[in-house]
Each structure stands twice: as structure tokens, then as C-alpha cells.
Amino acid sequence: MAAEGEPFVIKFAHVVADDTPKGKGALLFQKLVHERLAGKVKVEVYPNSTLVGDADEMQALLNNEVQILAPSLSKFGKYTKKLQVFDLPFLFDDEAAVQRFQSRETSRDLLRSMADSGIYGLAYWNNGLKQLSATQALRLPGDAAGLAFRIQPSAVLEAQFNAVGAKPVVLPFAEVYKSLQAGLVQGAENPWSNIASQNMHKVQPFITESNHGVLNYMLVTSSEFWMSMPFAVRSELEGIILEVTQAVNREAAALNQRDRDRILASGSSKLVALTPEQRQAWREKMMPVWQSYENEIGADVIRAALTVNRKR
Ligand code: LMR
């Protein structure tokens, strides 16, 4: 609660750099709130895990130490199993398909899937599709065997790497660069913008353009905090969030393309392009994971996600 006459303070914490889709979205949100709700709401943005890291951020939200987060969809497993749908490898044909799914009813319902835990989903923000990086060229699934890969805390991602004989290691985002540099893990999976903004390409000589999975975000707040604000303030904030969401989702692909170009121009990493047959080999190894998680996610949710792949 804000004290009488004082603005509501929204601490928006995240783990990536400012010059990424999420980082830019947080700053645009701050700017629009400043322009439209000055004196009523004040937004403070804390990038790069400076206030709280990804291992503790959800608890910090529920303790009202931060008021908005945008964790990747892979980080909600403690609160709902349904969002694991976004982690299923090779589920979506491309980022446009993910975008279509995010605007459909099933995804809108998933914004409410953590209501029992007091978590209120506000929007989906895009980053992009993930690429596999490593200390050696990964062309076929067997090339990953025995290598340790950093993963986000997701059972599906763990199963995905187990499926190719690799060793998944859960690490907070803030530790990825130094763990790769120290050789604690040999590989990772990230969208181009996260690779570039953390300089991971400097310690990953090969990047396979696999586009095998998605890394997008859910903008979340706590129901208790959100409902503590007057209706008019909430409505204005929700309008701003809609505007920012559209901007983030319009620009994310271009930012990833820019960072892909920068990485390749730097010469630090070599691009491994997969032939259709090689990509199919990864797909075949990883796809059994869908079956293993169908009960937890719900066959209906997976079916709804698959329908967006039909080209129109
Ligand atoms: C990761 O941990 O790899 C990502 O969730 C980081 C982020 O927020 O993009």
C-alpha cells in the first residue's frame, strides 16, 4: 500500500540487460507511467539481476519486495505445470506461430493459471527462439552427448537435454557467462539477444542456428499488490502495458536479428547452419519429451498450441 498522498512504487526487476527486448520494454513502461501517472505511480527498473536474481524473484514478488517481473515462461514450474507447453522442443514452427498462440484463448487462460498462488499474469512479452551454443560444433544430436548445458529451472528443458545424452545443469542467468568461461558447462541455449548482451559468444566458439524452442516472458505482478491500487490507476496501467507489449512484440525479432548480425560480424563464434535432415534428427530425438509431459501440461493445451502452426 502507498502511504496517503504518496505514489504507488512499482519495482520492476529483471535479469537481462537494458538493450534487449525485455530491458527496453521495462524502460518504455517506466517512461509511459512517468508521462501519464506522475504523482500516482512511480516505476523503478532494476536490470541485470541487480535487485533480485531469477532464483529468488518470485518469492520477492509474493513478499511485495518487487511489484513487477517478467520471468521467462520456463521459470514458473513451481506455480503451474501448464506453462511448460512453451518449453516443448520444436513445438512452434516460428516466432509468428508463438505470437498467434499467445493471443489465443488458451494462452489468455494461462495468464490466470497461477491465481491460486496469488500471481497475476498481465501480458506475454517476446524475446525469441533459442539457439544452441557450445565449445564444439553441434550438427547432429550425438554431438551434444556428454556435454554439460546450462538450463533454466524447467523439467522439460532437463528432459530435452537428457534426450540427446547431454548433461543439463540448472544455473541462474547471472551465472551463465562465468560458468561457460570457467568450463563448468560447455553449452547453453539462448536467443541471440541474450547471447550478445551477456557476451556469451566470446566463450562459445560455435552457435547452431537450431530455433528449437522459445524463450518468451510473462509479465507478472502479485494479485494482492495489483488489487491494492484504485481501479482507475489499474486501468491506466493496463492500457500502458498493452501499448508496451505491442512495442516489445513488434521489435523483439529485429533486436534478435541485429544481435545475430553483431555476433557473426565479431568473428567470435562460427555459425552452424543445419540442413533440413540434420534439424529433423534433433527433432526426432527431442520430440518424445512431448509425450512425457502431456499429462502435466494437458493434451488440450498442446493441441491448441499445435493449431497455430498451420500456415494461413
Ligand atoms: C534465462 O535464464 O536464460 C532467461 O530466462 C533470461 C531472460 O530473462 O531472458
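One-based numbering, in listed order, for ligands and for the atoms of each.
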Find out if a path of hydrophobic residues (ILVMFWY) with successive side-chain heavy-atom gaps under 4.5 Å connects F161 to L180.
-> no

Nearest heavy-atom pair of G25 and W125: which atoms, and what distance?
-> C-CH2, 3.6 Å

Do we get K270 above F206's six-membered ring, with its NZ or CZ under 6.0 Å from the centre and within 45° of the axis?
-> no

Do you know which two heavy atoms are closest between L215 and Q152, and how far apart they sit?
-> CD1-NE2, 3.6 Å

Near ligand 1 (heavy atom, under 4.0 angstrom), the protein residues are V15, V16, K22, D54, S72, K75, R150, Q152, F173, N190, N194, L215, Y217

Transitively linked via ILVMFWY side-chain contacts under 4.5 Å: Y177 with I207?
-> yes

Same cluster (ILVMFWY, side-chain, under 4.5 Å), L129 and L255 = no

